[in-house]
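First up is the structure itself, then whatever we jot down about it.
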Amino acid sequence: MTIEYAPLYVVPTPLGNLADISERARDALRAVFWVAAEDTRHSAPLLRHIGAKARLLPAHAHNENAAAQRVLAILARGESVALISDAGTPGISDPGARIVAHAHAAGARVIPLPGPCAAVTALSAAGFSEAQWLFFGFLPARSGQRRAALKTIAALPCALAFYEAPHRILESLTDMAEELGETRALLIAREISKQFETLQRLLLGEAAAWIAADPMRQKGEFTLIVSGATVSPADEGERLLRLFLAENLPIKQASKLAATLSGHSKNALYAQALEIRRQRTEQRTEKLPAGYESKLLRRFAPRF
Ligand code: SAM
């Protein structure tokens, strides 16, 4: 016997201003039997405000698997569920992904509603011209790991979106300026849609001093949008070459593609590719015990 699951609605809720709830979100929250909420005490006033009478069940980061089982059992009884988080879109630096995954796996219909999301809202107000952007979410809490994470994305030419907690904003901005570069443009979007909403555009190198200048500027919720790394035309061939080599394309093909796309000399890029692969092999062999070196070289030899 196949089970007829009721649908799971994924419902964004306001970031700060209750008027930002959509008509569809309100209707869904009023219509469902159950609301799975990140913090039921936090969400109860919102549900009361819109006249939703659904039963609440907790679905937070620490019980997500158990909550997913419970949600599935409810859906299997034919009772619909709406998934919400404390604010914004569930699953975006918020719990929810596992519940959604379980619903998909069981064959239940997942119905996502468009709505508030701090990263998208901040991006819309950044005014940066990059066509691509990367949503990073929260950086690691410790400076060493945070800097390492920033290094991995420092060369990307797309805009970057981060979430940050108020008690880490100053040190994160300091690390960002050092790892991403002081001259990059930054939008600090603080307390979006709330009473003390602040949108400040400045350079990354100016940000820590701006935040430190007034204790009020360090309070509340922060979304940061950083402009992408600029690639000078002279570096474009090498940037593409490194990308293709990282994808393990053969050197000949990587240099040909990089030359076609950048307009740089194929022969020069081929020579550069040989050098990049040589350096990489050296780096790898340095870390291995002596006995492994020839084995490693043999393994990598066919690629040259
Ligand atoms: N799911 C949410 C969304 O769709 O935006 C994000 C949840 S995440 C746990 C919370 C973080 O989002 C905050 O620490 C802050 O970085 C960012 N955020 C949430 N509300 C915000 C607001 N009103 N203004 C600026 N950033 C906000």
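Counting starts at 1 for both ligands and their atoms, following the listed order. Note that these values count all heavy atoms, side chains included, but never hydrogens, waters or copies made by symmetry.
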Ligand 1 versus [X]: contacting region, heavy-atom distance under 4.0 Å:
X	answer
A189	backbone
F222	backbone
T223	both
K194	side chain

**Message:** Looking at ligand 1, is there an atom of it that comes within less than 4.0 Å of some heavy atom belonging to S193?
**Reply:** no

**Message:** Can you confirm, on distance only, whether ligand 1 has an N/O atom lying under 3.5 Å from any N/O atom belonging to S93?
**Reply:** no

**Item:** Close N or O approach (P90, ligand 1; < 3.5 Å)
**Value:** no

**Message:** Please state which option from S85, A87, G220, A118 has its nearest heavy atom closest to atom 2 (C) of ligand 1.
**Reply:**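 Nearest heavy atom to atom 2 (C) of ligand 1 lies in A87.
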
**Asked** Which option, F162, Y163, F196, owns the non-hydrogen atom nearest atom 17 (C) of ligand 1?
**Response**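 Considering heavy atoms of F162, Y163, F196, the nearest to atom 17 (C) of ligand 1 sits in Y163.
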
**Message:** Check this for me: does any side-chain nitrogen of one of R168 and E171 sit under 4.0 Å from a carboxylate oxygen of the other?
**Reply:** no

Which residue owns the protein heavy atom closest to [atom], what's the atom, and how far is it?
atom	value
atom 7 (C) of ligand 1	D94 OD2, 3.3 Å
atom 4 (O) of ligand 1	T89 N, 2.8 Å
atom 24 (N) of ligand 1	I192 N, 2.8 Å
atom 11 (C) of ligand 1	F138 CZ, 3.6 Å
atom 20 (N) of ligand 1	E221 OE2, 3.4 Å

So for atom [atom1], which belongs to [X], do other residues, nucleotides or ligands contribute more than 12 heavy atoms lying within a distance under 6.0 Å?
X	atom1	result
R77	CZ	yes
K219	NZ	no
R109	CZ	no

**Message:** Ignoring hydrogens, what is the shortest heavy-atom contact between L83 and P90? Give both atom names and the distance.
**Reply:** O-CG, 3.5 Å

Is the side chain of [X] donor-acceptor paired with the backbone N or O of [Y] at a distance under 3.5 Å, no angle test?
X	Y	answer
S80	L75	no
R217	W210	yes
Q218	I211	yes
S172	I169	no

**Request:** Can you sort out which atoms of ligand 1 are near G88, meaning under 4.0 Å from one of its heavy atoms?
**Result:**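 Within the 4.0 Å cut-off of G88, ligand 1 contributes 3 (C), 4 (O).
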
**Item:** Partners passing ring pair (Phe, Tyr, Trp, His ring centres under 6.0 Å) against F138 (at least two apart in sequence or in another chain)
**Value:**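 Partners of F138 by the ring pair (Phe, Tyr, Trp, His ring centres under 6.0 Å) criterion, ordered by chain and then number, come out as Y163.
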
